[in-house]
There are 2 protein chains.
Amino acid sequence: MTHAHDETAPVDWAERASERLALAGYRRGGARHNLIRLLAAQRCALSAAELQEALAHEQRSVSRASVYRILEELERAELVARIEVGQGIVRFEPIRHGAGHHHHLVCDHCGRLIPFSDEGLERELERVSERVPLVVAEHDVILRGECAACSEHA
Amino acid sequence: MTHAHDETAPVDWAERASERLALAGYRRGGARHNLIRLLAAQRCALSAAELQEALAHEQRSVSRASVYRILEELERAELVARIEVGQGIVRFEPIRHGAGHHHHLVCDHCGRLIPFSDEGLERELERVSERVPLVVAEHDVILRGECAACSEHA
DNA sequence: CAATTGATGAGACAAGGTCTTATATTTGTG
DNA sequence: CACAAATATAAGACCTTGTCTCATCAATTG
């Protein structure tokens, strides 16, 4: 089944993330708490700059260094995924199990990022991953083109 | 069939690129000529900085602005693909038809980029592309993990 | 609650990428 | 073939993203 997915975000990602970081020996600082809270509320990927801005905007400023450091910790703990797409911008998003796993459509015209998922594609990726000279840990699929809104305006 | 591919690069990509740009109304400047010539000789993606450096090294310097401008022209003409992979590095490579089409393996450890191709995966991507709310022009698949060399050293 | 150790913020720094402008080249025309 | 018009290019200022260091601050532990 292929579809733009729109399940509501599981609420417990934040808990899972905090717990796993704590187990890994990290302390529960304010910056970490705020950033995890913000990430948990997102449906799709945000850039580091957008994250910092959003935090500042809600009176919970976190320094740039902390944003990057915490994102790196989360990435290493496989709690967030790094997505690189269009214009060299790097974005980050929470990794959720099963239902939340998705890939991205990118509109070359307006830059919009749209999540989608497809089971057949996943199976194919797993198959390919085992026939390749690399121990595969992650995969990314990006489809680029023109989104519905932009096609209409044309 | 899945394999690290190593066909020799078709020689005529440079001609095709020059022609198509000329038809699009661009003049034939030296910078453009040199950059196209260099790209045509590549098997896999290079970053803008690597391209500029390579040109300088062979006494055919092209300014940074020109490198980016020309890459943008080539990208719009669908003659080069932009590949974003690890650490926010953007790389560019010529788009060739059929045999040359490939995707990328990235070693998270040493950053090495390895091309691969797989027919089944292509078919699957085509299928998915038609079931998605976007008119798909291109696709990218990136598999990340640890390459053979890095696994050994571990 | 004091000491220790890790977390954070501030800002210097580096690299990648964009933009402007003066100069050099290409191309069309007489 | 020379000239004019228009585009291409180089150089470098500038901005944005991401990294690093260090002084300060807060969470833990006994």
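Scope of the values below: all heavy atoms of this structure, side chains included, with no hydrogens, waters or symmetry mates. None of the values given here were measured: they were computed from a predicted structure. Here is the naming used below: chain letters follow the sequence lines, and residue numbers restart at 1 for every chain.
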Student check: side-chain heavy atoms of L74(A) and R76(A) closer than 4.5 Å: no

Ion pair R43(A)/E93(A), N-O distance below 4.0 Å: no

Side-chain N,O (R69(A)) to OP1/OP2 (dA7(C)) below 4.0 Å: no

R20(A)/E15(A) salt bridge by N-O under 4.0 Å criterion: no

Other residues, nucleotides, ligands: >12 heavy atoms within 6.0 Å of E53(A) CD: no

Electrostatic pair R144(B)-D140(A), nearest N-O below 4.0 angstrom: yes

Under 3.5 Å: donor-acceptor pair, side chain of E126(A), backbone of R123(A): no

Integer-rounded Å distance: dG9(C) P and H33(A) NE2: 13 Å

Check against salt bridge (Lys or Arg N to Asp or Glu O under 4.0 Å), E122(B) and R127(B): CA-CA 9 Å; E122(B) 284 317 310; R127(B) 186 185 66 75; over 6 Å; no

Shortest side-chain distance from Y68(B), nucleotide among dT9(D), dG17(C), dG18(D): dG17(C)

Rounded distance (Å) that lies between atom P of dT9(D) and atom CG of L35(B): 10 Å

Protein-nucleotide distance (I89(B), atom CD1; dG17(C), atom C1'), rounded to Å: 14 Å

Under 3.5 Å donor-acceptor, E124(B) side chain and L121(A) backbone: yes

R91(A) CZ to dT17(D) P, straight-line distance once rounded to whole Å: 11 Å

N/O donor-acceptor pair, side chain R64(A) with base dG18(D), under 3.5 angstrom: yes

Carboxylate-amine/guanidinium proximity below 4.0 Å for E72(B) and R69(B): no

Value in whole Å for how far the P atom of dT17(D) lies from CG of L71(A): 14 Å

Sugar-phosphate only, base, or nothing, as touched by S61(B) at under 4.0 Å among non-hydrogen atoms: sugar-phosphate

Overall bend - the helix from dC1(C)-dG30(D) to dG30(C)-dC1(D), comparing terminal axes fitted on five pairs, nearest 10 degrees: 30°

Rounded distance (Å) that lies between atom C1' of dA10(D) and atom CG of N34(B): 14 Å

Closest to side chain of S66(A), choosing from dG9(C), dA10(D), dG18(D): dG9(C)

Touch class at under 4.0 angstrom, heavy-atom based, for R32(A) against every strand present: sugar-phosphate

Under 4.0 Å protein heavy-atom contacts per nucleotide of nucleotides 20-30 of chain C, with B for base, S for backbone only and - for none: ------BS---

Integer-rounded Å distance: dG18(D) P and E50(A) CD: 11 Å

Distance in angstrom units between E53(A) CD and dT17(D) P, rounded: 10 Å

